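Sequence positions, counted from 1, serve as the residue numbers for this chain. What you see is a predicted model, and the numbers here were worked out from it, not measured in a lab.
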Amino acid sequence: MRLLSRTPFKAVVALSAVLLSGSVTAGTAVENTVNVSNKTKVVELLKSIETGDAGPVAYINPEKYIQHNLAVADGLAGFGAVLQALPKGSAKADTVRVFQDGDYVVAHTKYNFFGPKVGFDVFRFEEGKIVEHWDNLQEIAPANPSGRTQLDGPTVVTDLDKTEQNKAIVADFVQSILIKGEMEKISQFIDGGDDQYLQHNPGVADGLSGLGQALKALADQGMPMVFTKNHKILGEGNFVLAISEGQFLNKHVAFYDLFRLDNGKIVEHWDTIEAIPPRAEWKNDNGKFGFVSR
């Protein structure tokens, strides 16, 4: 059975309620889900926020959906409540990049979701169903000093044979450079020319010079960017996402940093930085991170 609606959100909320009640099983709500790739499921689910197509909600396991967006309650009920709260016709979702690492799918998406935003979403699958979700959102900003936006640039996954090598490079970079501050090692990871390291952070120009100037400006203002812990490295081919925790503008934040690699070097960077709210404001008990080894 496939449920469609011309009224955004209402059908999604309605199907969520039906699935939770047990009247319809998640496996029957979308036809031929077994033949749909996990990447496609994620793209369709995110697009349904805009279209109101209720069918992709059935890609979620209604009995085991763990939510790490701290502004959203757990389970399908929490998902439906957020959609219901959106002003009608306001939502947009255009996924620009998507890649998969085992049971995890990462999407990089341009949203209008209570305002224009860019976001990374991470979904974990079990037996073809989504069972866990993380995200990190940031408001859309003007192009950076090098004229790059938060979403433009290459989108095609290549170098599949280098996935594990590239993940190891990024893991080493995060630990050595971002956490330990061993800047003397940076040439091991990034070449120095401004045309060899393309930057999409809205406040930073291309190259190591642009990165250095931005970090110095923050430190001079008494607000250094501090990485304290890496929680997860996910990658496929030339794209690797590092999910980390730290301080930015004197706030406790989550850092989602996406890197593109070429020939063993980091050549491009996108990111989102989102403040982690005080514990008393959380709408679920799962935490912002909560990754476990699998």
Enquirer: Which heavy atom in Phe99 sits nearest to a heavy atom in Gly235, and how many Å separate them?
Expert: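 It is CE1-CA, 3.7 Å.
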
Enquirer: Using modelled atom types and a 3.5 Å cut-off, is there a donor and acceptor pairing between side-chain atoms of Asn136 and backbone atoms of Ala254?
Expert: yes

Enquirer: Is there a side-chain contact between Leu241 and Ile233 (heavy atoms, below 4.5 Å)?
Expert: no

Enquirer: Without swapping roles, check the side chain of Lys41 against the backbone of Ile130 for a donor-acceptor pair under 3.5 Å.
Expert: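 No: the side chain of Lys41 does not pair with the backbone of Ile130.
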
Enquirer: Would you check if Phe125 and Val42 make a side-chain contact, meaning some heavy-atom pair closer than 4.5 Å?
Expert: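 Yes. Closest side-chain heavy atoms under 4.5 Å.
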
Enquirer: Phe189 and Val267: same hydrophobic cluster, using ILVMFWY side-chain contacts below 4.5 Å?
Expert: no

Enquirer: Between Trp270 and Phe239, what is the ring plane arrangement, given parallel below 30°, perpendicular above 60°, and tilted in between?
Expert: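 Tilted: the ring planes of Trp270 and Phe239 meet at 30° to 60°.
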
Enquirer: Would you name the heavy atoms of Asp159 and Asn238 that are closest together and state the gap between them?
Expert: OD2-CB, 4.2 Å

Enquirer: Could you grab the distance from atom CD of Gln150 to atom NE2 of His108, nearest 0.5 Å is fine?
Expert: 8.0 Å

Enquirer: Once salt bridge (charged side-chain N to carboxylate O under 4.0 Å, His left out) is applied, what residue pairs with a partner in residues 269-284 remain, sequence neighbours excluded?
Expert: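 Salt bridge (charged side-chain N to carboxylate O under 4.0 Å, His left out) check on residues 269-284 returns Glu274-Lys288, Arg279-Asp285.
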
Enquirer: Quick one: do Lys167 and Asp101 make a salt bridge, cutoff under 4.0 Å?
Expert: yes

Enquirer: Testing the basics here: between Gln100 and Glu236, what is the closest heavy-atom pair and its distance to 0.1 Å?
Expert: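 For Gln100 and Glu236, the tightest heavy-atom pair comes out as N-OE1, 2.9 Å.
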
Enquirer: Checking side chain to side chain contact (heavy atoms under 4.5 Å, CB included) for the pair Val82/Phe114: CA distance, chi angles, key distance, verdict?
Expert: CA-CA 10 Å; Val82 170; Phe114 299 106; 4.1 Å; yes

Enquirer: Is the centre of the Tyr59 ring less than 6.0 Å from the centre of the Phe123 ring?
Expert: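 No; Phe123 has its ring centre 6.0 Å or more from that of Tyr59.
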
Enquirer: How long is the gap from CG on Asp135 to CG on Asn69, to the nearest 0.5 Å?
Expert: 4.0 Å

Enquirer: Begin with the C-alpha distance, continue with both residues' side-chain angles, and end with the deciding distance and a verdict on side chain to side chain donor-acceptor pair (under 3.5 Å) for Asp121 and Tyr111.
Expert: CA-CA 11 Å; Asp121 290 90; Tyr111 284 108; 2.5 Å; yes

Enquirer: Between the main-chain N or O of Ala58 and the side-chain N or O of Lys129, is there a donor-acceptor pair closer than 3.5 Å?
Expert: yes

Enquirer: For Gln138 versus Thr272, what's the shortest heavy-atom pair and its separation?
Expert: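 Heavy-atom minimum between the residues: OE1-CA, 3.2 Å.
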
Enquirer: Compute the centroid of each ring, for Trp134 and then for Tyr256, and state whether the two points are separated by less than 6.0 Å.
Expert: no

Enquirer: For Gly237 and Asn166, work out which heavy atoms get closest and say how close.
Expert: O-ND2, 2.9 Å

Enquirer: Looking at Lys47 and Glu44, is there a salt bridge between them, counting it only when a charged N and a carboxylate O are closer than 4.0 Å?
Expert: no

Enquirer: Side chain of Asp94, backbone of Lys110: donor and acceptor closer than 3.5 Å?
Expert: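 A pair under 3.5 Å: no.
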
Enquirer: Are His269 and Leu211 side-chain neighbours, meaning at least one heavy-atom pair lies under 4.5 Å?
Expert: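 They are not in contact (no side-chain heavy atoms under 4.5 Å apart), so the answer is no.
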
Enquirer: For Ser48 and Asp53: C-alpha separation, side-chain torsions, deciding distance, then whether side chain to side chain donor-acceptor pair (under 3.5 Å) applies.
Expert: CA-CA 5 Å; Ser48 74; Asp53 181 356; over 6 Å; no

Enquirer: May I ask whether Leu151 and Val105 are part of the same hydrophobic cluster, defined by side-chain heavy atoms of I, L, V, M, F, W, Y residues being less than 4.5 angstrom apart, directly or through others?
Expert: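 No, Leu151 and Val105 fall in different hydrophobic clusters.
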
